[in-house]
Amino acid sequence: SGLANQITEYNKDQKNRKRTSTLKSRASTKMANPNMNAVYATDEYGRPFIIVREQQKKSRLNGIEAIKSHILAAKTVSNIIKTSLGPKGLDKILISPDGDITVTNDGATILTQMEVEHQIAKLLVQLSKSQDDEIGDGTTGVVVLAGALLEQCEYLLDRGIHPIRISDGFERACKIAVDHLNEISDVVEFTKDNIENLFKTVSTCLGSKIVSKHRDQFAKICVDAVMSVADMERKDVNIDELIKVDGKVGGSLKDTALVQGVVVDKDMSHPQMPREIRDAKIAILTCPFEPPKPKTKHKLDITSVEEYKKLQNYEREKFEEMIKRVKDAGANLVICQWGFDDEANHLLLQNNLPAVRWVGGQEIELIAIATNGRIVPRFEDLRPEKLGAAGLVREISFGTTKDRMLVIEECANTRAVTIFVRGSNKMIIDEAKRSIHDALCVVRNLVRDNRVVYGGGAAEISCSLAVSKAADQISSIEQHAVRAFANALDATPLALAENAGLSPIETLADIKSRQVTENNSKLGIDCMNTGSNDMKENFVYDPLISKRQQFLLATQLVKMILKIDDVITSGTVE
């Protein structure tokens, strides 16, 4: 029996040792892999146990895995708007938390309203915004190019190439591509009298927008608007201050017009005031039509009827004094930034002085520029020389609604214009405004630098061939990155062909071979099925500075993403 007990104890001891070694091997496996949520430990007697971490504290990605995760996020965003590229690009419908609907194919608008949460995806949103702020057009193309470059990065990382060597190769390739763009660019000659070439370039920009059906009309409006306010000596255009884009629901897009003056979404303060004023002398005021008040807190006690009547008379006298100052200055129209009460309104009507109230600060400035008037902050400062001049100020009404707007025309200064957009609903008007903004920016860019490259993917294909040729001359490992950059440039013509319903790879291969054999960098994707691939014949132009900026911005962003190997969020570092 003693021998039997010893054997039993021995077997138990062996089982415990085996169990311990198993736990140790499992725990050591988990310790070796920091992504697993368990830690191996022993107590004072050497007995093993496993500590399970809190589930909320997940270890973060770093190194190559982090870069690949970032690339995946950026590619996802890029793929969303790839289908909106080109004249046959599709629109996206965006619904805000309030239920407001936006239908657009403008890259910057789509990304801004998507409310992206991922850190790297947010960088792509900022990339699109940078292109929009600097150039105004090409916001979709720059994100598509960045997404294609990151896709190529993934292949290179899988082949074991270091991220820094990839970014150096991309920078080298980008310089080659930008230099080649300068070589293949053409100069667009234009003057204030000869705007035919400008008109063709703007038509290209509007071809992919909601207004494409009326693009000739909109192109003419945009070119005329910019040429009206352009400073040709300095080669500059102040779009934001001198060109106002306003809209009103009703009518159709073809009713959109260019007004040589200012349109204000206000009407006369009193319904019996005249609706039309010729040879208007305008007093532009930023002071309210009301009696002066102390700046500090005050309290006025009225204890008798006589005191109340005295206060009433004082207010009337002040109103009459203000109106007299305006009349003495020679004004026959008052535009006021602030409001005024019924008594002041009645006195203005009695004195035959039409007035407009609650005009916004930006509109006040535009009216002052257009009429060569001065903004007057106090009635005491009113002088005849500070009044603005306009040949005609009229009130226009719309259909059966009571909506009215004020149009100030035949202004003293013709360098202030308004594009008045009409449309069947607010959504179409908003999208038309975005299209007009892009078109105005294209004309402004051509005034600054009148060189163009050819669209339809022609410039990208030509640069891709040039970069591939240069890669053959590079002996270092960077040649792989340079060649990958050339492959990424093909993403734009591929997307254009796919969105136009063509066979992408077959179409691209055909255009590439023709560009090489015919030595013609103007050949691109025939998205509109015109029967010709020559983009010069089809008048498909892109401003050089727009295309160059796309290459530079996309490359900078990709280099930055490649250099991020860890994401540390406050409070989660272990």
task: Would you mind reporting whether I80 and L111 have side-chain heavy atoms less than 4.5 Å apart?
output: no
- prompt: Taking only residues two or more places apart in sequence or in another chain, which ones pass salt bridge (charged side-chain N to carboxylate O under 4.0 Å, His left out) with K244?
  reply: D246, E363
query: Is the backbone of D137 close enough, under 3.5 Å, to the side chain of Q131 for a donor and an acceptor to pair up by distance?
result: yes
message: Could you check whether D236 pairs with R444 (Lys NZ or Arg NE/NH1/NH2 to Asp/Glu carboxylate O, under 4.0 Å)?
response: no
message: Donor-acceptor check, side chain of N533 to backbone of G524, threshold 3.5 angstrom: yes or no?
response: yes
- line: Smallest heavy-atom separation, L124 atom then S78 atom, equals CD1-N, 4.4 Å
query: Okay, side chain of N238, backbone of L242: is any donor-acceptor separation there less than 3.5 Å?
result: no
- request: Answer with yes or no whether the side chains of E537 and S532 bring together a donor and an acceptor at under 3.5 Å.
  value: yes
message: Tell me if a side-chain donor or acceptor on S464 pairs with a main-chain N or O of A486 at a distance below 3.5 Å.
response: yes
field: D542 versus S546, side-chain donor and acceptor atoms under 3.5 Å
entry: no
- request: Hey, could you give me the OG1/NZ distance between T492 and K82, rounded to the nearest 0.5 Å?
  value: 9.0 Å
query: So, S503 side chain and T507 main chain: donor-acceptor pair closer than 3.5 Å or not?
result: no
message: Just by distance, no angles: are the side chains of T104 and K92 close enough, under 3.5 Å, to form a donor-acceptor pair?
response: no
- request: Decide yes or no for I243 and L440: does some side-chain heavy atom of the first lie under 4.5 Å from some side-chain heavy atom of the second?
  value: yes
message: Taking K512 first and then D490, would you say they form a salt bridge - that is, a charged N and a carboxylate O separated by under 4.0 Å?
response: yes
message: Heavy-atom count check: over 12 atoms from other residues, nucleotides or ligands less than 6.0 Å from I64 CD1?
response: yes
field: Point-to-point distance, once rounded to the nearest 0.5 Å, from NE2 of H480 to CD1 of I161
entry: 5.0 Å
task: List the steps and the verdict of side chain to side chain contact (heavy atoms under 4.5 Å, CB included) for R165 and E478.
output: CA-CA 6 Å; R165 301 305 296 272; E478 287 168 9; 3.8 Å; yes
- prompt: Would T139 and D132 count as having a side-chain donor-acceptor pair, cut-off 3.5 Å?
  reply: no
statement: Between T418 and G261 the two heavy atoms that sit nearest each other are OG1-O, 2.9 Å
Lys/Arg-Asp/Glu bridge criterion (N-O < 4.0 Å) met for D231, R234: yes
task: Answer whether the closest heavy-atom distance between the side chains of D265 and K248 falls below 4.5 Å.
output: yes
task: Measure across A148 and A488 and return the closest heavy-atom pair with its distance rounded to 0.1 Å.
output: CB-O, 3.6 Å
message: If we ignore hydrogens and angles and just use 3.5 Å, is the side chain of E171 paired with the main-chain N or O of T555 as donor and acceptor?
response: no
message: Check E65 with K68, please: is the shortest side-chain N to carboxylate O separation under 4.0 Å?
response: no
- request: Quick one: do V262 and V264 satisfy side chain to side chain contact (heavy atoms under 4.5 Å, CB included)? Show the steps, please.
  value: CA-CA 6 Å; V262 185; V264 185; 3.9 Å; yes
V407 vs F420 side-chain heavy atoms within contact, under 4.5 Å: no
- request: Would you check if the side chain of N445 reaches a backbone N or O of I135 as a donor-acceptor pair within less than 3.5 Å?
  value: yes
- request: Using a strict cut-off of less than 4.0 Å between a Lys/Arg side-chain nitrogen and an Asp/Glu carboxylate oxygen, indicate whether D186 and R451 qualify as a salt bridge.
  value: no
message: Pairing donors with acceptors under 3.5 angstrom, does anything connect the side chains of N520 and R514?
response: no
message: Does this structure show an ion pair linking K547 with E460, if we count only N-O contacts that are shorter than 4.0 Å?
response: yes
field: Over 12 foreign heavy atoms within 6.0 Å of CD, Q362
entry: no
Shortest non-hydrogen contact from S476 toward R172: OG-NH1, 4.3 Å
Over 12 foreign heavy atoms within 6.0 Å of NZ, K129: no
message: Can you pull out every side-chain hydrogen bond (donor to acceptor under 3.5 Å, both in side chains) where at least one residue sits in residues 142-156? Sequence neighbours excluded, please.
response: K75-E154
query: Is there a side-chain contact between L523 and I461 (heavy atoms, below 4.5 Å)?
result: no
statement: When every non-hydrogen atom of F190 is compared with those of V447, the smallest separation belongs to CZ-CA, 3.9 Å
- request: Please answer whether the main-chain N or O of G107 pairs with a side-chain N or O of T140 as donor and acceptor at a distance below 3.5 Å.
  value: yes
query: Can you tell me how far the CD atom of Q556 sits from the OG atom of S167, to the nearest 0.5 Å?
result: 12.5 Å
query: Nearest heavy-atom pair of P87 and M528: which atoms, and what distance?
result: CB-SD, 3.7 Å
message: Using the rule given for side chain to side chain contact (heavy atoms under 4.5 Å, CB included), can you reason through L557 versus M560, listing the C-alpha separation, both sets of side-chain angles and the distance that settles it, and then say yes or no?
response: CA-CA 5 Å; L557 178 83; M560 187 168 70; 4.1 Å; yes
query: Got a sec, which pairs hit salt bridge (Lys or Arg N to Asp or Glu O under 4.0 Å) with one end in residues 204-228, sequence neighbours left out?
result: K209-D438, K220-D224
task: Take N105 and E431, measure what side chain to side chain contact (heavy atoms under 4.5 Å, CB included) needs, and give me the verdict at the end.
output: CA-CA 9 Å; N105 68 351; E431 182 65 2; 3.6 Å; yes
query: Should D430 and K426 count as an ion pair when the cut-off is N to O under 4.0 Å?
result: yes
statement: Rounded to the nearest 0.5 Å, the OG atom of S203 sits from the CZ atom of F539 at a distance of 10.0 Å
- prompt: Atom OG of S228 and atom CG of L258: how far apart are they, to the nearest 0.5 Å?
  reply: 6.0 Å
- request: Report yes or no: does T517 contribute a side-chain atom to a donor-acceptor pair with the main-chain N or O of S513 at less than 3.5 Å?
  value: yes
- request: For the residue pair Y454 and V540, establish whether any side-chain heavy-atom pair is separated by less than 4.5 Å.
  value: no
- request: Taking only Lys NZ, Arg NE, NH1 and NH2, and the carboxylate oxygens of Asp or Glu, determine whether D472 and R483 approach each other closer than 4.0 Å.
  value: yes
- prompt: For K175, does the NZ atom have more than 12 heavy-atom neighbours from other residues, nucleotides or ligands under 6.0 Å away?
  reply: no
query: Out of curiosity, I81 CD1 to I110 CD1, how far, rounded to the nearest 0.5 Å?
result: 6.0 Å
message: Quick one, L496 and K88 - any side-chain contact, counting heavy atoms below 4.5 Å?
response: no
- prompt: Got a sec: does the CG of N519 have more than 12 other heavy atoms crowding it under 6.0 Å?
  reply: no
message: A side-chain contact here means heavy atoms from C-beta on lying under 4.5 Å apart; do P163 and K563 qualify?
response: no
- prompt: Between T102 and Q113, do the side chains contain an N or O donor and an N or O acceptor separated by less than 3.5 Å?
  reply: yes
task: Answer yes or no: is there a donor N or O on one side and an acceptor on the other, between the side chain of S84 and the main chain of L90, under 3.5 Å?
output: yes
